[in-house]
Structures are given as C-alpha cells and as structure tokens.
Amino acid sequence: MSRTIYVNGSYQPYDQATLHVEDRATLFSDSVYEVVEIKNGNLIDQQDHLDRLARSLNEISLTPDFSLNTIPFIIRESVRRNRVRNGMVYIQVSRGVAKRDFIFPNPDMTPATLIIFARSSNFIAKEVQASKGIKVITMPDIRWKRPDIKTTGLLASVLARQTAKGQGAAEAWLYDENGFITEGAASNAWIINEQDELITHPATTAILKGITREGVMRAAKQLQLTYIERPFTIEEAKQAKEAFITAATNLVMPVTHIDGDPLNNGQSGAVSLRLRHIFHEFAQLTK
Ligand code: PLP
C-alpha cells in the first residue's frame, strides 16, 4: 500500500510530499503542531488536541486562511488512505511561504501551510515496553520560556532525547534553575508518593499542558486517587514509589530508573500500569 501525506489541499505520495524551501516552518519553526493517538481506528481526545492547536495558533498570532473545522475531515481521510488502525496522526500549521524576513508576511497574500499525516505504530511493542518500563535521565531545561505553545521549535528536546538515548534511557526529564523537574523532552513527568498521590508540575508556561496528562487526571479521579499539581525536585523523584511519563504516543509509560537509580526495584509500578490500562475508558473516542 502506498502512503500519502496531505499538504495544502492534496494528498501526495509519501516520496513526493514536499514543503517549499521558504516555508516559515523550515526557516523559523514559525509553526505549531499536534499529535493525536489512533487506537483501534478511533482518534483519542481529538477535540482536545484541536482546541490546543487553536490555542497554539492564537499564541503565535497565526490566523489560518482555512477553518480549523476542516481538519477532522482531513484527519479521517488521512487515516483511511493510510489504513491506520493503531498509530498516530500529525498535524502542522505554519505561517506559509514567504521571502525570508523575521517580520510576519502579509496574511492576505500568504496562505498558511497545513500538513497532515497518519502513521501506524507497533502497538504490541509499546505494551511490552510499558510492562518493562523506561529509564530517564535528568538534564537542565534549556528550552525557550514558552514550551506551553506546541511549536515545532524542538531542537533542545531533540538534543535532550538524543543524550538520553546515548545513556541507554528513553526520555530526558528537564529541570529548571531551582532543580525542579518541569517535564520530559516530549512528555509530561509524574511521580507517585508512598500515599499513592500523583504529583506533576502545574500547567504553567513552563510546560506543555498534555492532553494525556488531563486524561490521567480524569482516570485518577475515577480511581479515587489524589493528584497534586506542584513542582517536585530530582531528589524527591528519586525517592518516589513510582514514576511515569505521559504523551499521546506513549500514553502512561512507567519509569523504572532516574539517572540510573532504580524506583520500585527497577520494575514498572502497579499504579502506573493500572492508569495505563484504564486510560482509554476516560478518553473521548472519535470514529
Ligand atoms: N510535553 C512535551 C514537551 C511534549 O512534547 C508532549 C507531547 O509531545 C507532551 C508534554 C505530552 O502532551 P500530550 O499528552 O498532549 O501528547
């Protein structure tokens, strides 16, 4: 089966789908994006992701020339054409193609660029990974001061993830100048204390307010687990009973080691796994 990618109004063969050299996404990362999980053919919490996309666009003063209401149709068609049952869909909007200039181009003359692609992922491999858990390392958070906006300016996160990989870990937890963990390079960070309370950084401008994070909060309420939004230090994390990360592509992924120090005897924690397994019961599914 040949794969296709939607670029500005047409579904192009994967090998031929291109962006203009002077697209503002390539020159300035003047673009925002979303990633939505696809589970058994359903889009998970699609509306929440589209609402966050609208917020990100608003934060960078980008008003696309198309209605965001068209996006669910393109998503659906992308999923259909690429026959994705389990995987993800990626949506990116940039400020369009214009002669390189830091100043915004005239929006009347510069249509926004919309890219959408859907891709399958190995759902079983993710489950196996969750049962084993992942290792994280900690690194200074050197990102810009607005990671609450989901922009494609991800170089600091790319470097952090690569460093993690180099040390045999799957994620880097980033800490601020006071030693508090903000979030992961591409996920939210959570710990669970001895009282089974879930702790995660508050949704300030210092983190991306994850849609999976919100889903875990809904699930926690149902399980009558308390969650607390407050910063926690690396030391507190290392003393935690359990830890996990959340992201649309990873759901709830247990953490077994922080900087090489084991948590829960280096095993995936029971509460984390329970949250993972019930997550979809509290998600909004779109056919
Ligand atoms: N934080 C960062 C920096 C991310 O890049 C992501 C996802 O890519 C998340 C958190 C998790 O967000 P979501 O649960 O909406 O995927």
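We count residues from 1, following the sequence as given. Counting convention: from 1, in listed order, for ligands and their atoms alike.
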Run the numbers for me: atoms of ligand 1, each under 4.0 Å from some heavy atom of [X], listed by number.
| X | value |
| --- | --- |
| His49 | 15 (O) |
| Lys150 | 5 (O), 7 (C), 8 (O) |
| Asn188 | 10 (C), 11 (C) |
| Ala248 | 13 (P), 14 (O), 16 (O) |

>> Any donor-acceptor pair under 3.5 Å linking the side-chain atoms of Thr152 with those of Ser31?
In response: yes
>> Does Arg119 qualify as a cation-pi partner of Tyr90, given the criterion of NZ or CZ under 6.0 Å from the six-membered ring centre and within 45 degrees of its axis?
In response: no
> Is the NZ or CZ atom of Arg81 both under 6.0 Å from the centre of the six-membered ring of Tyr11 and within 45° of that ring's axis?
Replying inline: yes
>> One thing to verify: whether Glu34 and Lys150 come together as a salt bridge, which I'm taking to mean a side-chain N less than 4.0 angstrom from a carboxylate O.
In response: no
> In terms of side-chain geometry, is the basic nitrogen of Glu236 or Arg230 positioned less than 4.0 Å from the acidic oxygen of its partner?
Replying inline: yes
> Could a heavy atom of Glu34 be found less than 4.0 Å from some atom of ligand 1?
Replying inline: no
> Given Ala186, Gly184, Pro147, which one has a non-hydrogen atom that is nearest to atom 6 (C) of ligand 1?
Replying inline: Ala186
> Any idea which part of Thr246 is under 4.0 Å from ligand 1, heavy-atom wise: side chain, backbone, both or neither?
Replying inline: backbone
> What part of Ala185, side chain, backbone, both or neither, has a heavy atom within less than 4.0 angstrom of ligand 1?
Replying inline: backbone
>> With a 3.5 Å distance limit and no angle check, can you tell me whether Asp259 reaches the backbone of Ile137 through a side-chain donor-acceptor pair?
In response: no
> Do any N or O atoms from the side chain of Arg218 and from the backbone of Phe282 form a donor-acceptor pair under 3.5 angstrom?
Replying inline: yes
[X] versus ligand 1: do any nitrogen or oxygen atoms come within less than 3.5 Å of each other?
| X | answer |
| --- | --- |
| Thr212 | yes |
| Arg143 | no |
| Glu183 | yes |

> What are the two closest heavy atoms between Asp23 and Ser94, and how far apart are they?
Replying inline: OD1-OG, 2.6 Å
> For atom 12 (O) of ligand 1, which protein heavy atom lies nearest, and how many Å away is it?
Replying inline: Gly210 CA, 3.4 Å
